[in-house]
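For reference, the structure is listed below as structure tokens.
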Amino acid sequence: MMEAIDGEQISRVREVLRDAGRVVVLTGAGISTDSGIPDFRGPNGVWTKNPAAEKASNITHYLNEPEVRQAAWQNRLTTPAWTAEPNRGHAAIVELERQGRLHAIVTQNIDGLHQKAGNDPAKVIEVHGTVWFTRCWECEDRRPMEQALARVRAGDVDPACLECGGILKSDTISFGQSLIPEVIDRAMRVSDECDVMLAVGSTLSVYPAANCVPRANAGGADVIIVNGDETNMDRYATHLLQGSIGDIVPAIVAPAT
Ligand SMILES: [Zn+2]
């Protein structure tokens, strides 16, 4: 149930964050919706409005059907991430880093908005990859996405790897594709190491990313969950804040006055 956020609760959580030395922030789609990045399955979601995009997100279809890849490249030309700007929620996490409290960001988002907001890219662990790079399916060559998009705009409907001729895709984790073990290991390790886990805008229902929360809890960390709605991990929360992410996150990381 949605409850009004009272000032006293905000003050308590602000104190928890002020006392923290190593905060891990776990972010999901909810932090980026204010930046105009649609989620995948909601009423305005990418897949709801464009079933072809759902097909392109399945690795088997993508690898085996040239027309699926061609449609995917056309969609990539207009991906909302290219023009999206970080919002107040992202800015608040930059402030947390400025205060010297940010251990790492584990994000389920592929939009690159934490880096664009000003967080140190070395602190951002992208468990589902990023749309800002391409990856060759054969040789794993990784390059800025813009290089491939320029080729598509110049008329190449399905640009191949410049190293080996293999199939290129965005450097994201498609359905049916394995996660990167080193990336997941790092996400779990920082969760073990943190003294506060701040989960923002995630339903905490997608694994293994959601496991960061019980890992942090098992290590004795405070768990702060900020989301517009209930999550699957609310039982682990020491502080549960339901409401507007853009209002709550800046309020709880505000510097001491
Ligand atoms: Zn290649």
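Every value quoted in this text rests on a predicted model; they were computed, and no experiment measured them.
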Between side-chain atoms of residues 20-34 and protein atoms elsewhere (two or more places apart, or another chain), which donor-acceptor pairs fall under 3.5 Å?
from: R22; atom 1: NE; to: E193; atom 2: O; distance (Å): 2.7
from: R22; atom 1: NH2; to: E193; atom 2: O; distance (Å): 2.8
from: T27; atom 1: OG1; to: T107; atom 2: OG1; distance (Å): 2.7
from: T27; atom 1: OG1; to: H114; atom 2: NE2; distance (Å): 2.9
from: S32; atom 1: OG; to: D111; atom 2: OD2; distance (Å): 2.6
from: T33; atom 1: OG1; to: G30; atom 2: O; distance (Å): 3.1

*Please round to the nearest 0.5 Å and tell me the distance separating atom CD of E230 and atom OG of S205.*
12.5 Å

*Can you list the residues that meet the side chain to side chain donor-acceptor pair (under 3.5 Å) rule with S191, with sequence neighbours excluded?*
none

*With sequence neighbours left out, write down each residue that passes salt bridge (Lys or Arg N to Asp or Glu O under 4.0 Å) with E97, or none if nothing qualifies.*
none

Considering only distance and modelled atom types, tabulate donor-acceptor pairs under 3.5 Å from the side chains of residues 153-163, sequence neighbours left out.
from: R153; atom 1: NH2; to: E146; atom 2: OE1; distance (Å): 3.4
from: R153; atom 1: NH2; to: E146; atom 2: OE2; distance (Å): 2.3
from: D156; atom 1: OD1; to: D158; atom 2: N; distance (Å): 3.2
from: D158; atom 1: OD1; to: R69; atom 2: NE; distance (Å): 3.4
from: D158; atom 1: OD1; to: W73; atom 2: NE1; distance (Å): 3.4
from: D158; atom 1: OD2; to: R69; atom 2: NE; distance (Å): 2.8
from: D158; atom 1: OD2; to: R69; atom 2: NH2; distance (Å): 3.2
from: E163; atom 1: OE2; to: R143; atom 2: NH2; distance (Å): 2.9

_Under the rule for salt bridge (Lys or Arg N to Asp or Glu O under 4.0 Å), what residues qualify as partners of R142, not counting sequence neighbours?_
D171

*Atom of L168, atom of Y62 and distance for their closest heavy-atom approach*: O-OH, 2.7 Å

*Can M145 be reached from I37 by stepping across I, L, V, M, F, W or Y side chains whose heavy atoms are under 4.5 Å apart?*
no

*Hey, what else clusters with V206 if you join Ile, Leu, Val, Met, Phe, Trp, Tyr whenever side-chain heavy atoms sit under 4.5 Å?*
none

*asked:* Run the salt bridge (Lys or Arg N to Asp or Glu O under 4.0 Å) test against R186 and tell me which residues pass, sequence neighbours left out.
replied: none

_Suppose the criterion is salt bridge (Lys or Arg N to Asp or Glu O under 4.0 Å): which pairs have a residue in residues 196-209, not counting sequence neighbours?_
none

_Which atom of V127 lies closest to which atom of A187, heavy atoms considered_ = CG1-CB, 4.1 Å

*Could you pull out the closest heavy-atom pair between V253 and E95, with the gap in Å?*
O-CG, 3.8 Å

*Hey, are E126 and Q115 close enough side-chain-wise for a donor-acceptor pair under 3.5 Å?*
yes

*Any side-chain donor-acceptor pair under 3.5 Å between T134 and K169?*
no

*asked:* My understanding is that only residues two or more places apart in sequence, or in another chain, count here; which of them pass side chain to side chain donor-acceptor pair (under 3.5 Å) with R151?
replied: none

*Interatomic spacing from CE in M233 to CG in N227 - rounded to 0.5 Å*: 13.0 Å

*Please, which pairs that meet salt bridge (Lys or Arg N to Asp or Glu O under 4.0 Å) have at least one residue in residues 210-223, sequence neighbours excluded?*
D192-R215

_D247: which residues meet the salt bridge (Lys or Arg N to Asp or Glu O under 4.0 Å) condition with it, sequence neighbours left out?_
R88

_Under the rule for ring pair (Phe, Tyr, Trp, His ring centres under 6.0 Å), what residues qualify as partners of W82, not counting sequence neighbours?_
W132

